[in-house]
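Reading through the structure tokens given below for one structure.
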Protein chains: 2
Amino acid sequence: MMELTRKGEYAIRGIVYLASRPMDQVCLLSDIAAAVEVPPTFLAKIFQQFSKIGLVKSYRGTGGGFIIGRDPEKITLLEVVEAVEGPIVPNRCAIREGECPRDASCTIHPVWLNVQKQVRSILKKVTLRDLAANTTSLPT
Amino acid sequence: MMELTRKGEYAIRGIVYLASRPMDQVCLLSDIAAAVEVPPTFLAKIFQQFSKIGLVKSYRGTGGGFIIGRDPEKITLLEVVEAVEGPIVPNRCAIREGECPRDASCTIHPVWLNVQKQVRSILKKVTLRDLAANTTSLPT
DNA sequence: ATCTTAGAAGATATAAAAAGTCTTTTAGGG
DNA sequence: CCCTAAAAGACTTTTTATATCTTCTAAGAT
């Protein structure tokens with residue numbers, strides 16, 4: 001239960017890699033994909049999404065590629081995960097009030113809300129800077 | 001992300017219903033399914049699993065059916081969820097040590113372990129008795 | 001004993017989501 | 001205008017979720 005998808009995993013690897021690079025150095029998608037061992041076409045899709053919401057910046061044409069969208073310290077793991085996996089919702093009934101017809105009587109509802117809150121809270125405290133900190137195993 | 005499947009939802013509804021009934025009253029699967037609005041064949045599969053690990057007790061033949069396996073106060077939501085959805089694992093790499101080849105350098109690893117721990121802790125504190133407490137909306 | 005009831009077990013079917021690829025288009029340099 | 005690299009969207013494949021159906025077994029009723 002609660003497993004991150006490949007997409008989520010790849011997304012994190014990719015953006016953490018970007019976060020570990022100097023902001024003035026534009027990275028080729030193909031290079032990033034190779035470095036973090038992700039299918040390039042798949043990572044392309046993910047980075048397109050990220051680009052739209054400003055998590056990364058993209059440049060086309062010769063000398064193009066990607067850089068991180070803003071200071072890695074200002075990007076949380078929560079943001080990255082929710083961008084790619086959608087909101088963290090342990091159960092349909094926790095999406096919004098009134099979703100579940102059994103709502104009023106539903107004794108589990110508050111439990112799921114609590115789970116949601118805790119998980120979000122944990123992921124929110126982790127920044128890309130934290131994650132990129134000792135990425136010494138990846139090529140410089 | 002992290003969404004419970006239908007199976008998990010149905011399982012909880014079904015067993016909470018059972019937990020709300022007197023232990024000496026054997027319930028027909030078809031009645032339970034109708035009461036909690038779950039496809040009977042699907043619930044059958046779920047209860048078969050539960051029966052194997054003692055979460056419910058089953059009786060065949062005339063007058064047969066299901067009762068709760070033990071005191072609802074001794075059954076946690078965690079147990080029920082993991083029985084039906086498998087272990088709570090936010091990421092492959094958190095399943096066991098050494099799973100992930102990037103392990104040593106992986107800065108996210110501890111984050112997932114923390115998520116796992118917190119979620120399990122929340123679900124462990126909730127018992128079927130808690131959940132069955134005010135199931136007043138369900139037919140007596 | 002055999003018939004009916006009700007769950008057990010396993011096979012099968014359908015549908016949805018995840019994972020990945022391919023093609024065409026657009027933007028930016030040389 | 002040609003090359004490079006990302007954007008966008010269609011498409012394919014694989015896997016998982018969701019469910020149903022059939023046959024088998026246990027237990028009580030006749």
Side-chain angles (χ1 to χ4, degrees), chain A residues 1-15 18 25-69 81 83-87 89 91-92, chain B residues 1-15 18 25-34 36-69 81 83-87 89-92:
Chain A
M1 188 208 177
M2 307 206 340
E3 227 168 297
L4 203 67
T5 63
R6 292 277 168 84
K7 193 178 173 193
E9 224 179 291
Y10 294 167
I12 295 171
R13 281 201 227 157
I15 202 168
L18 262 198
Q25 189 184 336
V26 176
C27 299
L28 275 178
L29 180 73
S30 54
D31 289 347
I32 305 168
V36 299
E37 295 170 277
V38 165
T41 55
F42 204 167
L43 191 62
K45 286 292 162 198
I46 296 167
F47 272 27
Q48 273 172 37
Q49 276 187 263
F50 281 173
S51 176
K52 279 182 194 163
I53 57 175
L55 283 181
V56 305
K57 274 182 201 151
S58 71
Y59 301 94
R60 297 190 184 187
T62 311
F66 295 89
I67 59 168
I68 195 79
V81 168
V84 83
E85 302 267 16
V89 178
N91 191 314
R92 255 167 289 287
Chain B
M1 189 209 178
M2 310 208 336
E3 226 167 300
L4 204 66
T5 64
R6 292 279 165 85
K7 193 177 173 193
E9 223 179 292
Y10 294 167
I12 294 171
R13 280 201 228 158
I15 202 168
L18 262 198
Q25 189 184 335
V26 175
C27 299
L28 274 178
L29 180 73
S30 54
D31 289 348
I32 306 168
V36 299
E37 295 169 277
V38 165
T41 55
F42 204 167
L43 191 62
K45 286 290 162 200
I46 295 167
F47 272 26
Q48 274 172 36
Q49 276 187 264
F50 281 173
S51 176
K52 279 183 193 163
I53 57 175
L55 282 181
V56 305
K57 274 182 200 151
S58 72
Y59 300 94
R60 298 190 185 188
T62 312
F66 295 88
I67 59 168
I68 195 80
V81 168
V84 83
E85 301 268 14
V89 178
N91 192 316
R92 257 168 289 286

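Residue numbering restarts at 1 for every chain, and letters A, B, ... go by the order of the sequence lines. Predicted model only: the values in this text are computed from it and were never measured.
- When each of B:K7, B:R6, B:R13 is checked for a salt bridge (Lys or Arg N to Asp or Glu O under 4.0 Å) with B:E9, only B:R13 meets the rule.
- Taking each heavy atom of B:I32 and B:F66 in turn, the nearest pair found is CD1-CB, 4.4 Å.
- Distance alone, capped at 3.5 Å, places no donor-acceptor pair between the B:E85 side chain and the B:L4 backbone.
- Atoms CZ (B:R13) and P (D:dT18) sit 12 Å apart, rounded to a whole Å.
- Taking atom CD of residue A:E3 and atom C1' of nucleotide D:dT15, one finds them 13 Å apart after rounding to whole Å.
- Contact of the A:V84 side chain with the A:Y10 side chain is not registered, since no non-hydrogen atoms from C-beta on lie closer than 4.5 Å.
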Please list each protein N or O that sits under 3.5 Å from an N or O in nucleotides 17-19 of chain C, with the distance.
{"residue": "C:dA19", "atom": "OP1", "partner": "A:R6", "partner atom": "N", "Å": "3.4"}
{"residue": "C:dA19", "atom": "OP2", "partner": "A:R6", "partner atom": "N", "Å": "3.2"}

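- Note: A:Y59 OH to A:C27 SG = 11.5 Å, rounded to the nearest 0.5 Å.
- Atom CD of residue A:E3 and atom CE of residue B:M1 lie 9.0 Å apart, to the nearest 0.5 angstrom.
- Residue B:F47 comes nearest to B:V56 through the heavy atom pair O-CG2, 3.7 Å, listed as atom of the first residue, atom of the second, then distance.
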Q: Take nucleotides 3-14 of chain D nucleotide by nucleotide from the 5' end and write B, S or -, depending on whether a protein heavy atom sits under 4.0 Å from the base, only from the sugar-phosphate, or from neither.
A: -BBSBBB-----
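- Straight-line distance from the NZ atom of B:K57 to the C1' atom of C:dA8: 18 Å, rounded to whole Å.
- The structure places CD of B:Q49 at 9.5 Å from NZ of B:K45, a figure rounded to the nearest 0.5 Å.
- A straight line from CG of B:L18 to P of C:dG7 spans 11 Å, rounded to a whole angstrom.
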